[in-house]
Amino acid sequence: MTDAPNPTPEAPPVAERSLAAVLRELGPFLRPYVGRILLAMACLVAAKLANLGVPMVLKALVDGLDVEPSLLVLPVGLLLAYGAARLSVTLFTELRTIVFARVMARSSRTVMLRVFRHLHALSLRFHLNRRTGGVARDVERGGTAISDLLDWTIYTILPTLLEIVLVTAVLVWAYDWGFAAITLGTIAVYVAWTFRVTEWRTRYYRAAVEADTRASARGVDSLLNYETVKYFNNEEHEARRYDEHLQEMENATVKSLKSLAVLNLGQSGIIAIGITALMWRAATGVAAGEMTIGDLVLVNAYLLQLSAPLNFLGMVYREVKQAITNIERLFGLLDEAQEVRDRPDARALVTHQPQVEFDNVRFGYDGRREILHGVSFAIPPGGALAVVGHSGSGKSTLSRLLYRFYEIQSGAIRIDGEDLRELRQDSVRAAIGIVPQDTVLFNDTIRYNIRYGRPDASDAEVEAAARSAHIHDFILSLPDGYETEVGERGLKLSGGEKQRVAIARALLKNPAILIFDEATSALDSASEQAIQDELDRIAVGRTTLVIAHRLSTVMDADEILVLDQGRVVERGSHPALLAANGHYARMWRLQQQEAPSQERGQVHFPPG
Ligand code: ATP
């Protein structure tokens with residue numbers, strides 16, 4: 001495993017961040033809880049003070065008992081104090097948990113929500129380039145890592161540091177610098193060792209996380225394509241590709257675990273040497289009569305009290321580094337710049353029957369390949385424009401640009417004369433309804449999917465929209481009616497049914513601008529005619545952009561635009577274009593020839 005893993009779309013490396021940088025970025029999310037955090041800290045200090053008191057009471061008890069049995073009076077007060085000190089430790093520790101629980105859970109939630117919103121704000125380009133499985137895994141890991149990080153820093157690192165300071169102070173105060181020097185020396189070597197080795201190990205953890213993200217991305221992609229995998233009998237191929245990432249993960253994990261053993265061994269060695277040195281010194285003191293048995297017990301108790309969290313500290317540091325690695329990936333998503341942004345002074349689009357205009361629009365998804373080479377057209381208020389052309393000529397691109405999924409390279413798109421870039425994206429998108437080429441549905445009920453067009457619509461309105469889209473009767477014929485689950489991406493419905501759900505959804509939205517992107521392409525001729533009539537009816541009075549393959553569906557449009565390889569090569573009404581005898585006329589003749597021959601093909605059976 002190398003330091004620099006392959007940059008792939010599934011798990012591109014993200015900028016490394018220090019603990020301080022991560023805490024700084026988390027700062028704004030924690031700010032509302034300063035009061036609670038301070039209260040939790042106060043509980044923490046109280047718990048640590050109580051913890052410090054336990055060995056002291058123990059020493060007093062031991063020294064009090066170290067007299068002639070005949071002179072012994074039971075030290076009731078000390079015994080009760082001992083119990084109270086122990087109880088206080090737990091009490092304050094748990095109080096801190098109670099006070100801090102909400103902060104941890106809420107900050108995780110806030111960050112994850114922020115990332116989720118940000119992911120929706122990122123452009124289509126980002127989402128097409130990334131694999132959803134990988135992004136989901138990063139968000140999930142990052143969310144848990146935030147509460148882990150707070151947990152570890154505030155619950156463990158700070159208390160341990162505080163405890164080290166307090167214990168050292170007590171040792172100096174009660175004895176001499178010798179004890180403190182050994183304690184601090186041990187801790188310094190321990191911390192240096194832990195940091196060094198953990199830094200070295202982190203690369204393996206980072207590699208494992210990246211491999212894990214890649215494996216998730218690959219796994220989800222493969223499962224989403226379940227049918228295709230089966231069509232081509234490629235289960236083995238998929239398993240092999242998935243296993244490549246699993247193997248990467250396996251190797252990184254093995255290295256990570258082996259290096260952990262080295263870390264642990266070193267830590268235990270350092271602690272053992274420190275403890276032996278301290279006990280040696282204490283025992284010498286007792287032998288020389290400078291210290292009491294109680295002192296020996298006290299030193300031993302402090303050491304034991306310190307060694308547990310110190311041992312823990314190594315683990316905690318590792319966890320913190322791991323949490324930071326995971327948060328890095330989460331914040332890496334937040335770092336993704338929004339390609340399409342509202343200007344600070346963007347206005348909301350208010351329109352009833354808008355005019356839509358493309359003015360010499362040049363656009364390419366990739367700077368190296370221009371798709372639209374200066375396209376101009378205008379749809380009058382409430383009018384309809386049809387765009388036809390060969391596959392790949394850039395028709396659907398027009399609708400993506402009208403939605404402003406991408407920024408155009410030059411020219412302008414205007415609605416009611418206002419440049420799209422001057423308008424707020426949400427107001428533009430609210431004004432447009434689309435029946436897309438490929439309808440993808442949410443894995444929920446039919447009712448939910450139709451209502452998605454306008455979430456506050458009543459059941460009656462949902463059903464009215466379904467009626468208009470000629471799908472109401474079909475829905476009622478299903479055993480679960482409107483509550484039928486449509487399955488992953490809506491795949492339990494046929495192509496035509498999905499398309500009709502999409503039509504109902506667009507109708508419910510009741511937009512000022514309508515886009516039909518081959519809205520009836522998945523329907524048979526009879527259903528197409530019925531729905532076409534309905535679409536014509538709802539398009540009345542709305543500004544409509546119709547993208548079509550079958551020319552027969554756009555014959556009645558006010559204007560037809562013929563797009564060829566990103567250029568408008570002809571425009572006009574159906575009769576005018578036929579008369580011009582150019583591209584359109586050729587496409588029309590071709591389709592006229594195809595239609596009857598297709599029908600013949602369907603009904604023709606060999607005799608006998
Ligand atoms: P069809 O009739 O087959 O739907 P279309 O005319 O609607 O085709 P578009 O979807 O607009 O075609 O695509 C125009 C060109 O842009 C195509 O050559 C396509 O390969 C390319 N293209 C589309 N989307 C992207 C993308 N996200 N990134 C890069 N290229 C893209």
Side-chain angles (χ1 to χ4, degrees), residues 8-10 12 119-132 135 221 224 336-340 356 358 360-377 379 384-411 413 420 432 434-440 495-496 498-499 502-503 506 513-523 528 532 535 544-554 557 559-571 577 583-584 586-588 590-591 594:
T8 66
E10 296 100 324
L119 286 175
H120 270 298
L122 288 177
S123 66
L124 186 58
R125 191 192 311 274
F126 169 86
H127 288 281
L128 294 182
N129 283 342
R130 280 295 188 93
R131 299 203 188 195
T132 312
V135 173
D221 196 30
L224 282 179
E336 286 291 337
Q338 265 172 265
E339 182 186 334
V340 181
V356 172
F358 273 55
N360 201 13
V361 171
R362 288 184 173 272
F363 170 74
Y365 293 95
D366 178 330
R368 293 167 301 180
R369 182 178 165 224
E370 195 172 83
I371 302 289
L372 298 180
H373 314 279
V375 170
S376 300
F377 62 82
I379 318 176
L385 176 89
V387 180
V388 301
H390 294 297
S391 175
S393 55
K395 304 183 295 294
S396 301
T397 304
L398 298 177
S399 70
R400 286 180 210 124
L401 294 183
L402 191 55
Y403 262 103
R404 198 159 162 229
F405 286 159
Y406 301 90
E407 295 288 24
I408 53 178
Q409 267 89 46
S410 73
I413 300 175
L420 217 52
I432 313 178
I434 186 169
V435 181
Q437 206 168 7
D438 298 312
T439 303
V440 178
K498 268 194 298 184
Q499 207 154 40
I503 292 171
I513 303 174
L514 266 174
I515 302 175
F516 297 133
D517 190 351
E518 298 180 26
T520 52
S521 59
L523 301 176
E528 180 173 19
Q532 193 59 50
L535 294 184
T544 312
L545 177 68
V546 184
I547 294 167
H549 253 311
R550 258 175 281 180
L551 304 186
S552 54
T553 57
V554 297
E559 186 177 21
I560 301 171
L561 212 71
V562 183
L563 210 61
D564 188 35
Q565 297 186 14
R567 285 194 176 78
V568 179
V569 287
E570 277 174 46
R571 61 178 77 206
L577 286 171
H583 275 80
Y584 184 86
R586 268 199 304 283
M587 280 162 68
W588 175 260
L590 221 65
Q591 291 196 1
E594 273 169 13

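Indexing begins at 1, ligand by ligand and atom by atom, following the structure's order.
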Could you tell me if the side chain of [Y] sits less than 4.5 Å from the side chain of [X], heavy atoms only?
{"X": "Tyr584", "Y": "Val569", "value": "no"}
{"X": "Leu372", "Y": "Leu398", "value": "yes"}
{"X": "Gln565", "Y": "His390", "value": "no"}
{"X": "Leu124", "Y": "Tyr403", "value": "no"}

Ligand 1 contacted by Arg125 (non-hydrogen, < 4.0 Å):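 No.
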Contact partition for His549 relative to ligand 1, non-hydrogen atoms under 4.0 Å: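 Near ligand 1, His549 shows its side chain, while the N, CA, C and O stay back.
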Under-4.0 Å heavy-atom contact with ligand 1, by part of Phe363 that carries it: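 Phe363 to ligand 1: no contact under 4.0 Å from either part.
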Residue selection (non-hydrogen contact nearest [atom]) among [options]:
{"atom": "atom 17 (C) of ligand 1", "options": "Gly392, Gly389, Ser123", "result": "Gly392"}
{"atom": "atom 15 (C) of ligand 1", "options": "Asp517, Asp438, Ile371", "result": "Ile371"}
{"atom": "atom 5 (P) of ligand 1", "options": "His127, Gln565, Lys395", "result": "Lys395"}

Aromatic plane relationship, Tyr406 with Phe363 - under 30° parallel, 30 to 60° tilted, over 60° perpendicular: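 The arrangement is tilted - the two ring planes meet at 30° to 60°.
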Element-labelled atoms of ligand 1 that are located less than 4.0 Å from some non-hydrogen atom of [X]:
{"X": "Thr397", "value": "9 (P), 11 (O), 13 (O), 14 (C)"}
{"X": "Arg400", "value": "10 (O), 23 (C), 24 (N)"}
{"X": "Tyr406", "value": "27 (N)"}

From Thr544, Val356, Val435, Leu402, residue fulfilling side chain to side chain contact (heavy atoms under 4.5 Å, CB included) relative to Ile515: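 Between Ile515 and the candidates, side chain to side chain contact (heavy atoms under 4.5 Å, CB included) is satisfied uniquely by Leu402.
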